[in-house]
Amino acid sequence: MAWEPTDLEQQRLQKLDRLRSAGIDPFPHRVERTHTAAEAVSALAETGQDKGPAVVVCGRLRSLRTMGKIAFGHIEDGSGRVQLFFRANEIGSPTIKSLEQHFDLGDFVQAGGEMIYTRTGEPSVLVQSFKILAKSLSPLPIVKEHEVDGQLVRHSAFSDVEERYRQRYADLASNPDVRDVFRTRARVISALRRFMDNEGFLEVETPILQPIYGGAAAQPFTTRHNQLRQDLYLRISFELYLKRLLVGMYDRVYEIGRDFRNEGVSFKHNPEFTQLEFYAAYIDYHEVMNLTEQMVASVAEQVAGQSIIQYQGHTINLAPPWKRVSLRQSILERTGIDYVECPTPESLAAAMRETGHQPSPKSSWGKLVDSLLGTHVEPHLIQPTFIVDYPRDISPLAKTKPGDPTHVERFEFFIAGMEMGNAFTEINDPLDQEQRFQEMGRLYDPDAEDAHPMDDDYLRAMRYGMPPCGGFGTGVDRLVMLFTNRRSIREVLLFPHLRSREQQ
RNA sequence: GGGCCGGUAGCUCAGCGGAAGAGCUCCGGACUUUUAAUCCGGGAGUCGUGGGUUCGAAUCCCACCCGGCCCUCCA
């Protein structure tokens with residue numbers, strides 16, 4: 001939609017004209033910065049004197065208090081803030097007047113002068129030169145801050161959730177705590193990468209555009225290559241490609257990247273989200289559990305400096321070893337239902353109805369078990385917990401437990417009542433895998449939206465021989481939620497998906 | 001897909017059937033050590049959108065749009 005300037009924006013456009021009439025370029029090409037805001041402040045402190053070196057600092061004008069022949073302001077750059085002190089003695093009354101006439105909060109400016117302490121002891125640039133670097137035409141939300149008993153109190157913070165997400169640039173520009181969230185996010189991801197690299201994993205990249213999707217039960221996004229006249233899917237997981245690489249004789253591979261699932265959105269689901277998956281030859285799911293708890297604890301150490309974190313009022317200890325409990329036992333403890341004694345969908349649904357459930361009549365046995373987990377167990381798993389050994393019929397890629405054809409060697413891990421990841425001892429018998437794909441086809445209605453397509457190329461790869469291996473996937477965004485103490489996945493995505501508005 | 005709550009000035013919000021308001025922002029003025037600067041004066045709005053009820057609607061009713069929360073869904 002075309003821009004229709006508001007009154008405030010009209011005023012700023014007029015100031016822009018005034019600058020140009022005065023022969024000033026409101027968007028100059030070059031700057032002469034010598035110090036960041038933080039460097040300027042520490043440069044003064046390092047002198048040990050009450051006057052420091054001459055500096056030129058650049059940044060966004062955050063506050064401006066003009067009082068006749070003097071003025072105070074703050075500018076902010078990526079390093080922090082520094083106060084500007086204007087005095088007619090140094091810079092002349094016309095310049096102080098021009099602060100009011102030409103400048104607005106939000107403008108990028110450059111200020112040069114000597115570092116001094118003001119009467120209240122605040123390190124400040126005693127401004128001797130001053131100029132615009134970039135005019136801000138639209139006013140950012142004004143956030144005022146002051147200290148009360150050492151506590152920073154903020155006024156009129158930009159807090160409308162919808163506008164914060166739609167205009168994340170404005171959110172970031174006015175809310176420093178939001179900037180910190182994404183710094184932490186970056187540190188979580190590099191900590192994960194560092195851990196995987198140190199454990200001998202090779203980072204790889206596999207196709208996002210896939211002719212056959214797989215590795216998870218989710219509806220895909222579809223797209224099309226015009227020139228090849230080929231329908232394609234955006235991947236819902238990396239799994240089947242990463243395991244092909246084990247056939248290709250990489251012992252340990254991992255990928256951090258984006259998955260796309262065409263499903264509902266919620267405080268823990270976004271249509272595109274970041275996943276870490278790894279696959280390692282010659283280990284089983286027990287060893288994957290060891291790696292998992294070490295990985296998360298390592299991220300905690302690197303990001304929070306300790307393994308104990310605070311999340312939404314809970315104190316969570318991420319230090320290994322984590323509790324390991326079977327899915328059967330965990331459901332029995334919470335519901336009194338031993339699903340092994342209800343081996344058919346009908347008998348399990350009956351048992352569930354006795355305890356006040358209304359199970360969906362079309363659900364498979366495994367889906368019923370999974371819903372018991374999600375409803376009765378998952379919300380209680382605040383401390384990190386591995387739930388181990390899942391029903392076979394909801395785990396088409398996991399190896400069956402020796403001596404127990406109804407269960408597979410699979411675990412999910414939970415922290416703060418959220419499912420954080422999923423892993424198993426991988427099927428490496430191509431004939432078994434083919435049969436499992438076919439079983440999935442039978443168990444799920446072929447028209448079902450989450451039916452699992454057969455991936456013949458994946459089976460071909462496996463027929464060349466795949467080493468025994470363990471695989472793992474985790475939702476990186478949810479890990480970031482944990483380490484930033486955010487309740488919604490949208491708070492840890494820079495640009496979360498929102499429905500578009502007609503008028504934008 | 002269902003339920004509840006919300007959308008009023010640039011920002012944060014009040015008003016909930018009888019002349020659209022407050023604080024901050026903004027504009028004009030005063031002020032040579034301020035920091036939510038202060039003081040004086042002045043602007044600023046399709047009250048989410050479209051219908052309806054009414055003498056009169058930001059306010060009541062209906063539909064729709066967008067968001068939040070909770071369900072549903074999500075191996």
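Lettering of chains follows the sequences in order, A, B, ..., and the numbering in each one begins at 1.
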Pick base, sugar-phosphate or nothing for [X], based on heavy-atom distances below 4.0 Å to the nucleic acid.
X       : result
K15(A)  : sugar-phosphate
R487(A) : sugar-phosphate
R261(A) : nothing

With [atom1] as the reference atom in both, quote the distance from [N] to [M] in angstrom, rounded to an integer.
N      : M      : atom1 : answer
A9(B)  : A44(B) : P     : 15 Å
A36(B) : U25(B) : C1'   : 12 Å
G6(B)  : U49(B) : C1'   : 16 Å
C26(B) : G43(B) : C1'   : 8 Å
C27(B) : G68(B) : C1'   : 36 Å
C47(B) : A14(B) : C1'   : 13 Å
C16(B) : U59(B) : P     : 13 Å
A58(B) : G48(B) : C1'   : 12 Å

Could you please name the option among [options] that lies closest to any side-chain atom of [X]?
X       : options                : answer
D104(A) : U33(B), C27(B), C11(B) : C27(B)
L498(A) : U33(B), G68(B), G10(B) : G68(B)
T6(A)   : U34(B), G10(B), C74(B) : G10(B)
Q83(A)  : C27(B), U34(B), A75(B) : U34(B)
T118(A) : A75(B), U34(B), U12(B) : U34(B)
E263(A) : C74(B), A75(B), U12(B) : C74(B)
S159(A) : C69(B), C13(B), C74(B) : C13(B)
P396(A) : C69(B), A37(B), A75(B) : A75(B)
F267(A) : A75(B), C70(B), A30(B) : C70(B)

With a 4.0 Å cut-off, would you call R487(A) and E491(A) a salt bridge?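 Not counted as a salt bridge, because no side-chain N and carboxylate O are separated by less than 4.0 Å.
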Taking only Lys NZ, Arg NE, NH1 and NH2, and the carboxylate oxygens of Asp or Glu, determine whether D370(A) and K367(A) approach each other closer than 4.0 Å.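 Salt bridge between D370(A) and K367(A), a charged N being under 4.0 Å from a carboxylate O: no.
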Of K97(A) and I70(A), whose closest RNA chain B nucleotide lies nearer the 5' terminus?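 Comparing both residues, the 5'-ward one is K97(A).
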Of L140(A) and S124(A), whose nearest nucleotide on RNA chain B comes first from the 5' end?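 First, find each residue's nearest nucleotide; the 5'-ward one identifies L140(A).
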What is the separation between atom [atom1] on [X] and atom [atom2] on [N], rounded to the nearest whole Å?
X       : N      : atom1 : atom2 : result
H269(A) : G68(B) : NE2   : P     : 15 Å
K144(A) : U34(B) : NZ    : P     : 16 Å
E439(A) : A75(B) : CD    : P     : 18 Å
E162(A) : G67(B) : CD    : C1'   : 4 Å
R12(A)  : G10(B) : CZ    : C1'   : 9 Å
E412(A) : A75(B) : CD    : P     : 10 Å
Q275(A) : A75(B) : CD    : P     : 13 Å
R65(A)  : U33(B) : CZ    : C1'   : 10 Å

Calculate, to the nearest 0.5 Å, the distance between atoms CZ and CD1 belonging to F278(A) and I256(A) respectively.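 These two atoms lie 11.5 Å from each other.
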Kindly compute the distance separating CE (M462(A)) from CZ (R244(A)), expressed to the nearest 0.5 Å.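 Between M462(A) CE and R244(A) CZ, I get 9.5 Å after rounding to 0.5 Å.
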Does [X] put a side-chain nitrogen or oxygen below 4.0 Å from OP1 or OP2 of [N]?
X       : N      : answer
R499(A) : C65(B) : no
R62(A)  : A36(B) : no
K69(A)  : A30(B) : no
R490(A) : G68(B) : yes
R166(A) : G67(B) : yes

Is there a donor-acceptor pair closer than 3.5 Å between any side-chain N or O of R410(A) and the backbone N or O of I394(A)?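 Answer holds: yes.
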Once hydrogens and angles are ignored, does a donor-acceptor distance under 3.5 Å link the base of U32(B) to the side chain of N89(A)?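 Per atom types, the contact qualifies.
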Can you tell me whether the side chain of E122(A) and the base of U33(B) have a donor-acceptor pair closer than 3.5 Å?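 Checked by distance alone, the answer is no.
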Give a yes or no on this: more than 12 heavy atoms of other residues, nucleotides or ligands lie within 6.0 Å of atom OH of Y165(A).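 Correct, the count exceeds 12.
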Are R81(A) and R60(A) side-chain neighbours, meaning at least one heavy-atom pair lies under 4.5 Å?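 No, side chains not in contact.
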Worked verdict on K135(A) versus D104(A) for salt bridge (charged side-chain N to carboxylate O under 4.0 Å, His left out): CA-CA 8 Å; K135(A) 190 71 193 154; D104(A) 290 293; 2.8 Å; yes
If we call it a pair only when both distances are under 3.5 Å in a Watson-Crick or G-U wobble match, what pairs with [N]?
N      : result
G28(B) : C40(B)
G45(B) : none
U34(B) : none

